[in-house]
Participant: 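First the structure, which I've put down as C-alpha cells, then a few questions once you've had a look.
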Amino acid sequence: MMAEATTQMFDRDAQTMPVEQRREQQQRRLQELLARVQNASPQHRQQLHGIDAREVTLDNLHELPTVSKKELREYYPLGALCVERGDLRRIHATSGTSGRPTIVAYTERDMEVMGRTNARVLDAAGAKQGTLVHNAYGYGLFTGGLGMHQGIEHLGACTVPISGGMTQRQVTLIRDLYPEILLSTPSYAATLADAMAHEGIAASANSLRVGIFGAEPWSEGMRASLQAGLGIRAMDIYGMCELQGPGVAFESLDSPGHMFINEDFFYPECIDPYTGEAVPEGEVGELVFTTLTKEAVPVIRYRTGDLASLQRIDDPGGRTFITMSRIVGRSDDMLVIRGVNVFPSEIEAVLLTDDRVSTAYTLVIDERGNMPTLTAVTEPMPDVPASQIDPMLGQLQHALKDRLGISCQVVLSPPGGLPRTEVGKAVRVKHWRKGEDSPFPGLLG
Ligand code: DLL
C-alpha cells in the first residue's frame, strides 16, 4: 500500500517540486496576493498601510504586521472580504467562545484549493479513486465535514457523509459498508472505538485501515490507543477555518510525526509568541500563515495561536513540502498552575501512555482557593483488577509530577462514567470557580 501511494501520488508535480522552484512560485503568488488585496478591504488596507507591495519578498515578509483572530473579528461578518459577494460560493463559520463567530467565505477557486489540498491528504493516507471514506467530521458551518467532502470528491473517492453523532448508526454503517478510511476528531474516534468494543467487534475485524484525525489537540498516547482500539494507522491532519479549514498540513503513511504543509497555498512562519522573532528550524514557536492564493478572505501573516515546530525532512515518499510537528499546545490553552505553564495535551500524553486508563478524561482546575490546583479525572479500563487501582493512581501521579513539574491529583470515575464526545470538539478542561457546584459531584469536593 505504501509503495503504491508513493508511485501514484496525487498532484505529484506540485508535491515533489524542487524547493527552489517552489520558492519562486510562492514569491510570485505572494506578490500577486499583495497587489490584489492591498486596497480590497478595510482590514487589508489597515494591515498594509504605508507598505509598497512590490517590495515585499519572502525574505522580508516577517517585517509586515501580523493579524490575529481578535483583529479579524472586528471585521465581522464580512469586512475582510476581498471579492464581490456575487463571487462567493460558500460560507463557513466557527462558533467562537466570545460570542461572535468567525465567518469565512470561499470563491470557486478557493473551493478548488480546498478540494485539491484535501485530496492530497487522503492520497497520503492511501486513498484512491473509489476508496470508501466514512466522514464523521461535522457537516454544516464547521469546515471539517464539507471540507473533507470536497477532498474526497476531488480525488474521486466515495463518501459516506455521516457527520458526527448517532454513534450506534455509525457502528452499523461501518460494519455493513466496509469503509477503509475514517475521518473524525480523535475524541470521536475514541467514542467509536468504545462503541465497537461494546458491540463485540474486534479491532482486527473491522474494515478500517486508516484514520485521519484532527481539529482538536491530541497526543501520541491517543494515537497508540486509537491504533490499537480500531486496528488502524492513525494519522494527523491540521487546519483552521481562517486559512481554509482542513487540509493545511497532513501526515503521510511514510512520515509519522511530520505533517507536510501545503506550502504552495499556505506559507508558514514560526515565531516566538512573545517577541515575534522567527524561531530556528526545529524549535517550537507559534505558527503564522499567509494564504498565498486565497481570493475571498485572504490572510497575511495570520497568527494561529498554535504552537509547533517547522522542519525540512528527507521524505522517502518524495514530498518536498516543509513539515510541521504535532501541535504541542495553543498559546491561549496554556494553564498556569502555581506559576508553571502546563498544556492539557502534555497531561493527555502522560495519561494515555498507560493502557490501564481509558481515552476519556477531563482536567479540573479548582480555582476556589488562593492557589489553583489541578486534578485529572479519568476512568480505569473495565479489566483492571481492584488490587491494581491504588498502585496505578500512584504511578500516574508520579509520572505527571515528573513531566509537569507540579502535582496533579488523579481521580477515577467508574468505567464509562465520563462524558464521551458525540459531536463537535472535545471539552477537556473545566474551571471550578468559587460558588460553583463540583463539576463531578461524588468524585470531587
Ligand atoms: O478544526 C479545521 C479542521 C477540520 C482541521 C478537520 C482538521 C480536521 P477550526 O474549527 O477553525 O478548524 O479550529 C482550528 O483547531 O487552530 C488548532 O488549535 C486546532 N487543531 C486543528 N487541527 C489540529 C491538530 C478546524 N491536528 C483549531 N492537532 C486550530 C491539534 C488542531 N490541534
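Ligands are counted one by one from 1 in listed order, and the atoms in each one are counted from 1 as well. Quick note: residue numbers are just sequence positions, from 1.
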Participant: Which residue in the set Val121, Thr117, Asn118 passes side chain to side chain contact (heavy atoms under 4.5 Å, CB included) when paired with Phe250?
Facilitator: Val121
Participant: Not counting sequence neighbours, which residues clear side-chain hydrogen bond (donor to acceptor under 3.5 Å, both in side chains) with Ser252? List them please.
Facilitator: Ser255
Participant: What's the spacing between Met240 CE and Thr304 OG1 if we round to 0.5 Å?
Facilitator: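 The CE atom of Met240 sits 5.5 Å away from the OG1 atom of Thr304.
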Participant: Run the ring pair (Phe, Tyr, Trp, His ring centres under 6.0 Å) test against Phe213 and tell me which residues pass, sequence neighbours left out.
Facilitator: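 Here the qualifying residues are Trp218.
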Participant: If you look only at distance, which donor and acceptor atoms sit under 3.5 Å apart when one is on a side chain in residues 142-153 and the other is two or more places apart or in another chain?
Facilitator:
unit_1	atom_1	unit_2	atom_2	d
His149	ND1	Tyr139	OH	2.8
His149	NE2	Glu153	OE2	3.1
Gln150	OE1	Arg90	NH2	3.1

Participant: Are there any protein N or O atoms under 3.5 Å from the N or O atoms of ligand 1? List them with distances, or say none.
Facilitator:
unit_1	atom_1	unit_2	atom_2	d
ligand 1	1 (O)	Lys425	NZ	2.9
ligand 1	10 (O)	Lys425	NZ	2.9
ligand 1	11 (O)	Cys241	N	2.9
ligand 1	13 (O)	Lys425	NZ	2.9
ligand 1	15 (O)	Ala215	O	3.4
ligand 1	16 (O)	Asp306	OD1	3.4
ligand 1	16 (O)	Asp306	OD2	2.6
ligand 1	16 (O)	Arg330	NH1	3.4
ligand 1	18 (O)	Asp306	OD1	2.6
ligand 1	18 (O)	Arg330	NH1	3.4
ligand 1	22 (N)	Ala215	N	3.0
ligand 1	26 (N)	Asp236	OD1	2.8
ligand 1	26 (N)	Ile237	O	2.7
ligand 1	28 (N)	Glu216	O	3.4

Participant: Measure from NZ or CZ of Lys294 to the centre of the six-membered ring of Tyr106 and say whether it is under 6.0 Å with the direction within 45° of the ring axis.
Facilitator: yes
